[in-house]
There are 2 protein chains.
Amino acid sequence: MEQDYSQYPRHLVAVDCIIFGFDGEHLKILLVKRNFEPQLGEWSLMGGFVGNEENADEAAQRVLHTLTGLENIYLEQLNSYTEIHREPTARIISISYYALIHIEKDLQINENYSAQWFDLQNAPDLIFDHNEMVKDAVLRLRRRASTRPIGFELLPPKFTMKDLQNLYEAIFSETFDKRNFTSKINGMDILVKTDEKDMTSSKKGSFLYRFDEKKYNKKISQGFMFKM
Amino acid sequence: MEQDYSQYPRHLVAVDCIIFGFDGEHLKILLVKRNFEPQLGEWSLMGGFVGNEENADEAAQRVLHTLTGLENIYLEQLNSYTEIHREPTARIISISYYALIHIEKDLQINENYSAQWFDLQNAPDLIFDHNEMVKDAVLRLRRRASTRPIGFELLPPKFTMKDLQNLYEAIFSETFDKRNFTSKINGMDILVKTDEKDMTSSKKGSFLYRFDEKKYNKKISQGFMFKM
DNA sequence: ACAAAAGTGTTCAGTCTACACCCATGG
DNA sequence: CCATGGGTGTAGACTGAACACTTTTGT
């Protein structure tokens with residue numbers, strides 16, 4: 001007996017991307033304004049349907065590439081949202097992903113989507129269940145950020161201790177003591193201090209650091225665990 | 001402009017369930033022997049297709065009910081597995097769930113599925129990507145078990161400290177010191193000690209405890225966090 | 001009386017938290 | 001020379017880990 005698949009229903013399957021960025025001060029989220037019905041003109045997550053010739057990860061990368069022009073974006077699958085009426089016009093099963101990107105000057109957002117960065121704090125209401133997706137994504141981001149060095153995905157290659165602390169404060173929505181923060185980071189010994197300084201923030205200037213991924217991987221293989 | 005959904009492909013969407021149990025000694029997993037091609041006769045997770053009139057959670061509950069006769073099983077969605085060729089005969093997107101159930105004497109497993117409990121340690125190889133699903137589920141179970149009192153889902157309503165310790169040792173694959181374990185549990189103050197004893201394990205007998213869900217919820221609302 | 005499991009506290013080490021002053025520099 | 005942000009150490013509290021003996025009772 002072979003299984004007959006024709007008796008089972010088939011579903012539209014989409015991916016929706018929660019795109020996080022960091023401007024040095026606040027956690028940001030990239031939203032798009034819908035240019036089709038229903039809910040034309042309202043804000044939503046960037047999404048797209050999963051095609052026949054791609055898996056969901058690839059679909060998410062494609063969608064992100066379409067919007068930002070970037071390749072190999074840091075991406076993690078989150079949850080599936082499967083309520084029958086989660087979208088009013090059709091039953092669509094959606095798999096959510098969160099993405100972490102550097103907000104660089106030369107980042108060229110595709111203008112077709114009327115995309116815009118919002119502070120996570122005062123982002124607009126989103127369509128359908130996208131608010132819930134964002135909420136879930138923030139929780140996951142916090143969890144990941146506390147056990148994996150994913151913060152560096154949101155920073156430029158070189159950054160100051162202050163940048164890093166601002167980032168973690170933004171992610172966790174709490175403030176840290178400067179001395180405790182730096183000694184914790186330095187204690188992990190996964191950054192290299194360059195001999196360059198960022199002179200824009202103060203007269204004295206502050207040293208720039210890089211994340212040393214090689215060293216990190218080596219330490220991991222020796223049993224080290226990142227912990228914030 | 002309204003979106004035309006007919007141009008997008010539709011997919012078979014399944015749920016696959018990683019069903020955990022506990023026999024007082026070892027973590028167990030309930031597997032079914034496939035009674036259809038392909039891979040007839042091999043072991044797999046229990047699964048089923050998501051219908052048009054149900055969401056994925058409901059599909060998973062339905063599938064579990066079919067197999068075990070139980071209702072309201074503890075269930076959590078895990079991941080989506082979307083590789084194009086993850087099954088050889090059709091493209092099927094699968095959403096995995098893990099379930100926690102008490103293994104009771106009166107549990108009547110549906111005989112049509114040739115289901116069998118295996119020690120997690122020496123479970124057989126599974127079809128497709130089901131081994132990966134199980135691996136992911138164990139990691140999630142550990143993570144959840146360390147921050148939520150889900151262990152009690154796997155135990156009968158009354159249990160001894162030894163049972164509880166055995167369970168956590170099975171979940172985390174490590175052994176704990178008896179004194180540290182009991183004082184940690186007692187310190188959380190979420191169990192009630194009954195005046196009954198389990199006399200089967202020793203001459204002295206050991207007291208039975210119950211999980212006090214009301215007290216737990218109250219403590220949670222006051223900021224308490226479960227931590228193992 | 002003895003075997004077998006239940007029950008129970010203390011000490012030590014490491015980690016986390018709170019906290020304040022001097023430094024370097026551009027203007 | 002002074003205003004601004006950068007950089008640095010220590011003491012006390014707390015938490016997690018190691019560790020051994022007494023109790024109970026059925027046989």
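A note on names: the letters A, B, ... follow the listed sequences, proteins ahead of strands, and every chain is numbered from 1. Keep in mind it's a predicted model, so treat the numbers as computed, not measured.
Per the geometry, NZ belonging to K197(A) stands 9 Å off P belonging to dG26(C), to the nearest Å. If you measure from atom CD1 of I185(B) to atom C1' of dT8(C), you get 16 Å, rounded to the nearest angstrom. F176(B) places its CZ atom 19 Å from the C1' atom of dG7(C), with the value rounded to the nearest Å. Distance NZ (K227(A)) to P (dC16(C)): 8 Å, rounded to an integer number of Å. Computed from coordinates, the M161(B) CE to dG7(C) P distance equals 8 Å when rounded to whole Å. Atoms CG (D198(A)) and C1' (dA24(C)) sit 15 Å apart, rounded to a whole Å. Between the CE atom of M199(A) and the P atom of dT4(D) there is a distance of 17 Å, given to the nearest Å. F207(A) has its CZ atom 10 Å from the P atom of dA24(C), to the nearest Å.
Looking at the side chain of T182(B), the nearest of the listed nucleotides dT8(C), dG7(C), dG6(D) is dT8(C). In the set dG6(D), dT8(D), dA6(C), dA6(C) carries the atom at the smallest distance from any side-chain atom of S206(B). Among the nucleotides dT23(D), dG7(D), dT17(C), the one closest to any side-chain atom of K204(B) is dT23(D). Of all nucleotides listed (dC19(C), dG5(D), dA18(D)), dC19(C) comes nearest to the side chain of D177(A). Nearest to the side chain of S201(A), among dA6(C), dC19(D), dG6(D), sits dG6(D). Which of dT25(C), dT27(D), dG7(D) sits closest to the side chain of K203(B) comes down to dT27(D). In the set dT8(C), dA17(D), dG6(D), dT8(C) carries the atom at the smallest distance from any side-chain atom of R179(B).
What you find for Y98(B) and A137(B) is that their closest heavy atoms are CB-CB, 4.4 Å.
When atom types are taken as modelled, the side chain of Q77(B) and the backbone of S80(A) share a donor-acceptor pair closer than 3.5 angstrom.
Side-chain polar atoms of D16(A) and S94(A) form a donor-acceptor pair below 3.5 angstrom.
A residue-by-residue look at Y209(B) and K178(A) shows that Y209(B) has its nearest nucleotide of DNA chain C further toward the 5' end.
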Side-chain donor-acceptor pairs under 3.5 Å in residues 165-173 of chain B, sequence neighbours left out?
residue: Q165(B); atom: NE2; partner: E169(B); partner atom: OE2; Å: 3.1
residue: Q165(B); atom: NE2; partner: F176(B); partner atom: O; Å: 2.9
residue: N166(B); atom: ND2; partner: G24(B); partner atom: O; Å: 3.2
residue: E169(B); atom: OE2; partner: F176(B); partner atom: N; Å: 2.8
residue: S173(B); atom: OG; partner: R142(B); partner atom: NH2; Å: 3.3

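Atom CZ of R148(A) is surrounded by 12 or fewer heavy atoms from other residues, nucleotides or ligands within 6.0 Å.
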